[in-house]
Amino acid sequence: MNVVFFGAPGAGKGTQSALLARRKGLKHISTGELLRQALDEQTAVGIHIRSYMDRGSLVPDDLVIQMVNDALEGLGEGQGFVLDGFPRKVSQAEALSHQLAKMGLALDKSILLEVPRRVLIRRLLGRRVCQGCGVNYHIESHLPQKEGICDDCGDVVAQRPDDNEKAIEKRLEVYEESVKPLRGYFQKVNRFVIVDGMGDTEDVFTRILNVLE
Ligand code: AP5
């Protein structure tokens, strides 16, 4: 099974992609995670992209497309994938289509997670992330048992640098600009569905499993 998740910042792409990948044995490819890894490792790419990410702008296409192509080429024999946060623009969707055709693969579903803006902002401002394993927490609904320490791996849990009001505003603006053309693209070429991203994480996951059946 090969699936793409797209949606606004805070819509739950990362949370749901991780659940789906675990449930179905898929490779979870998150461009946000891959880029943050490059930042942490202070690679040449990492140094170049810091200013884009910190202010909430999109990183240049060529870098992100190359990262995704490398990840796809690293898939195990017969392994499916879930793409989280890619594509975000029609140019990226076209590059993905080209790469999948080259590898003899196709998308089974492209899923748009929809959540109202006021909820997105609340989710993002309250999000805390484990610096070790990347698990998401939230100050209102899902705190680690020991303050600031991940339940799963014991590493530090902290706020993402781009989860501040200014960067969130910019990320939402970038999303609003890109979503309409991207949605139009997916409606034409792929099995496109909209899933309501409101409610408990488990309820959203059940909706996703239903549309994938
Ligand atoms: P990225 O890391 O992809 O960030 P984003 O798109 O802004 O999305 P988020 O990770 O903020 O939200 P999400 O939808 O994954 O929500 P989550 O599940 O975490 O990208 C970061 C940056 O990298 C971009 O700004 C850009 O610079 C660059 N980049 C990435 N991809 C790129 C690309 N393709 N091209 C160019 N540049 C790119 O949930 C959020 C919070 O809500 C969590 O606390 C979670 O616990 C909580 N939550 C989730 N679901 C629920 C629920 N149902 N109920 C209550 N709380 C919930």
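Start at 1 and go down the list; that is how both ligands and their atoms are numbered.
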For [atom], find the nearest protein heavy atom and state the residue, atom name and distance (0.1 Å precision).
atom                    : answer
atom 50 (N) of ligand 1 : Arg123 NH1, 3.6 Å
atom 44 (O) of ligand 1 : Tyr137 O, 3.0 Å
atom 46 (O) of ligand 1 : Asn136 CB, 3.7 Å
atom 31 (N) of ligand 1 : Thr31 OG1, 2.8 Å
atom 28 (C) of ligand 1 : Leu35 CD1, 3.6 Å
atom 45 (C) of ligand 1 : Thr15 OG1, 3.9 Å
atom 26 (C) of ligand 1 : Ser57 O, 3.4 Å
atom 16 (O) of ligand 1 : Gly12 N, 3.2 Å

Taking the minimum heavy-atom distance to [atom], which of [options] ranks first?
atom                    : options                      : answer
atom 6 (O) of ligand 1  : Gln16, Arg171, Arg88         : Arg88
atom 21 (C) of ligand 1 : Arg160, Lys13, Arg50, Lys170 : Arg160
atom 2 (O) of ligand 1  : Arg36, Arg127, Met53, Glu33  : Arg36

Residue portion contacting ligand 1 (non-hydrogen atoms closer than 4.0 Å) for [X]:
X      : answer
His142 : neither
Leu124 : side chain
Tyr175 : neither

Q. Can you pull the side chain to side chain donor-acceptor pair (under 3.5 Å) pairs that have at least one residue in residues 3-20, sequence neighbours excluded?
A. Thr15-Asn136
Q) Checking salt bridge (charged side-chain N to carboxylate O under 4.0 Å, His left out) for the pair Glu169/Lys166: CA distance, chi angles, key distance, verdict? A) CA-CA 5 Å; Glu169 192 61 37; Lys166 199 170 168 205; over 6 Å; no
Q: Find out whether the Lys NZ or Arg CZ of Arg183 is both under 6.0 angstrom from the six-membered ring centre of Tyr185 and within 45° of the ring's axis.
A: no
Q) Mind checking whether Phe6 and Phe186 have parallel, tilted or perpendicular rings, split at 30° and 60°? A) tilted
Q: Nearest 0.5 Å please: distance from the OH atom of Tyr137 over to the CD atom of Gln145.
A: 8.5 Å
(Q) Return the CZ to CZ distance between Arg160 and Arg127, rounded to the nearest 0.5 Å. (A) 4.0 Å
Q) Does the salt bridge (charged side-chain N to carboxylate O under 4.0 Å, His left out) test come out yes or no for Glu140 and Arg122, once each step is laid out? A) CA-CA 9 Å; Glu140 289 169 4; Arg122 198 163 170 167; 3.1 Å; yes
Q) Does a side-chain N-to-carboxylate-O contact under 4.0 Å join Arg88 and Glu176? A) no
**Q.** Pairing residues for Ile149 by the side-chain contact (heavy atoms from CB on, under 4.5 Å) criterion, not counting sequence neighbours
**A.** Lys146
